[in-house]
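Below is one structure, written out as structure tokens, with a few remarks after it.
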Protein chains: 2
Amino acid sequence: MNEARKRRLQSLGWRFGNAKEFLRLSDEEAAFVELKIELAQALRGRRKRHRLSQVGLARLLGSSQSRVAKMEAGDPSVSMDLLVRALLALGVSRRELARVFAAKAA
Amino acid sequence: MNEARKRRLQSLGWRFGNAKEFLRLSDEEAAFVELKIELAQALRGRRKRHRLSQVGLARLLGSSQSRVAKMEAGDPSVSMDLLVRALLALGVSRRELARVFAAKAA
DNA sequence: ACCTGACATGTCTATTCTGACATGGTGACA
DNA sequence: TGTCACCATGTCAGAATAGACATGTCAGGT
């Protein structure tokens, strides 16, 4: 969707004449991806704390081992919805979730 | 997915014998929905602060007015991905985003 | 009364995501 | 060496979500 959005905005030509705006878009996209990756790391950490295998977590979520692996790998095919749901399923509180969001990117 | 997940877990019968576990699942689902609703509210607030109409925000996002309306209404057809992307597009920092996540539910 | 701008809601099609499956790689342990 | 648990990666059909469009409502201005 990122590429498509950029192209769409480009073709629209509406208020996005300069390079700065495009850079800002890239930044947002980057921030989004970083967020997902940190959620992924948090997920792996949480799972291990619970001494669960990927198979175990998959069962807990009603998903499959391969999808859990992709979640933890930050695969582009994994939505933030899924990551957040998984963390909640592992008992992560909203406050703890917020900490992941606030965490300074490396 | 919530109903489907519950049914799936139910049919699996794996480690989910008692009512407590089902209640926990409902709680997670509820927390997730609350989160989305609060993101939706934050989005509306941010948009107004920027003095943007839904059409304006839609253009900024490369989306449509109707989708923005659904985002702000917390429509089930709107993903958390989209809400977070929209907030980032409005210049919301990770720290501010985290505040939404941490906010105590009403 | 008539516009006009802003928002809500329903529905379409196309794209994206999901769970499932297959398969391969690694390390541990007998 | 076998095999067993664990994880990674690719693929695919079906489910969920995306943007777009049509249309309706409401408030403010004329």
Side-chain angles (χ1 to χ4, degrees), chain A residues 1-12 14 25 28-29 32-33 35-37 39-41 43-89, chain B residues 1-12 14 29 32-33 35-37 39-41 43-89:
Chain A
M1 192 163 97
N2 29 354
E3 280 312 307
R5 187 174 65 179
K6 283 178 201 163
R7 269 184 272 109
R8 221 176 301 124
L9 286 167
Q10 202 162 13
S11 67
L12 270 176
W14 187 81
L25 279 180
E28 287 154 25
E29 199 52 35
F32 187 73
V33 172
L35 227 33
K36 289 219 300 187
I37 288 177
L39 286 168
Q41 292 171 343
L43 180 63
R44 171 160 292 180
R46 276 282 163 173
R47 174 176 65 80
K48 298 217 160 174
R49 276 218 231 160
H50 284 249
R51 308 217 177 279
L52 273 173
S53 67
Q54 290 184 342
V55 171
L57 177 55
R59 277 203 266 223
L60 183 62
L61 299 172
S63 183
S64 58
Q65 178 266 326
S66 58
R67 188 131 296 271
V68 172
K70 285 182 226 281
M71 286 187 218
E72 294 183 354
D75 190 284
S77 84
V78 174
S79 71
M80 199 155 122
D81 292 61
L82 192 59
L83 287 166
V84 170
R85 278 177 197 272
L87 283 165
L88 289 175
Chain B
M1 194 163 97
N2 29 354
E3 280 312 307
R5 187 174 64 180
K6 284 178 202 165
R7 269 184 271 111
R8 220 176 302 125
L9 285 166
Q10 202 161 12
S11 65
L12 270 175
W14 187 82
E29 199 52 35
F32 187 73
V33 172
L35 227 32
K36 288 219 301 187
I37 289 177
L39 286 168
Q41 292 171 343
L43 180 63
R44 172 159 292 179
R46 275 283 163 172
R47 175 175 65 79
K48 299 218 160 172
R49 275 219 232 158
H50 284 248
R51 308 216 177 281
L52 273 173
S53 67
Q54 290 183 343
V55 171
L57 177 54
R59 277 204 266 224
L60 183 63
L61 299 172
S63 183
S64 58
Q65 178 266 327
S66 58
R67 188 131 294 271
V68 172
K70 285 181 225 281
M71 287 186 218
E72 294 183 354
D75 189 283
S77 84
V78 174
S79 71
M80 199 156 119
D81 287 75
L82 192 59
L83 287 166
V84 170
R85 277 176 197 274
L87 283 165
L88 289 174

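A note on names: the letters A, B, ... follow the listed sequences, proteins ahead of strands, and every chain is numbered from 1. When reading the values below, keep in mind they use all heavy atoms of this one structure, side chains included, and skip hydrogens, waters and symmetry mates.
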Position toward the 5' end of DNA chain C (nearest nucleotide), Lys48(B) or Asp81(B)
Lys48(B)
I'd like to check Glu29(B) versus Arg85(A) (side-chain heavy atoms, cut-off strictly below 4.5 Å). Are they in contact?
yes
Is there a side-chain contact between Leu57(A) and Leu43(A), using heavy atoms and a 4.5 Å cut-off?
yes
Using a 4.0 Å cut-off on heavy atoms, which residues in residues 66-78 of chain B reach DNA chain D? List them by number, or say none.
Ser66(B), Arg67(B), Pro76(B), Ser77(B), Val78(B)
With Glu72(B), which of Arg67(B), Gln41(B), Gln54(B) fulfils side chain to side chain donor-acceptor pair (under 3.5 Å)?
Gln54(B)
Strictly distance-based, threshold 3.5 Å: is any side-chain N or O of Asp81(B) a donor or acceptor partner for the main-chain N or O of Ser79(A)?
no
Determine yes or no for a side-chain-to-main-chain donor-acceptor pair under 3.5 angstrom, with Lys36(A) supplying the side chain and Val78(A) the backbone.
yes
As a test of reading the structure: which of dC7(D), dG19(D), dA8(C) is closest to the side chain of Ser64(B), going by heavy atoms?
dG19(D)
Using whole Å, what does the distance between atom [atom2] of nucleotide [N] and atom [atom1] of [X] come to?
X: Leu61(B); N: dA20(D); atom1: CG; atom2: C1'; result: 15 Å
X: Phe32(A); N: dT16(C); atom1: CZ; atom2: P; result: 14 Å
X: Leu57(B); N: dG19(D); atom1: CG; atom2: C1'; result: 14 Å
X: Arg85(B); N: dC17(C); atom1: CZ; atom2: C1'; result: 12 Å
X: Gln54(A); N: dG25(C); atom1: CD; atom2: P; result: 18 Å
X: Met80(A); N: dT16(C); atom1: CE; atom2: P; result: 19 Å
X: Lys36(A); N: dT16(C); atom1: NZ; atom2: P; result: 13 Å
X: Arg47(A); N: dA8(D); atom1: CZ; atom2: C1'; result: 12 Å

Atom pair CZ/CZ of Arg44(A) and Arg49(A) - distance to nearest 0.5 Å
15.5 Å
How far does CG of Asp75(B) sit from CG of Leu82(B), to the nearest 0.5 angstrom?
11.0 Å
Phosphate OP1/OP2 of dA6(C) contacted by Gln65(B) side-chain N/O (<4.0 Å):
no
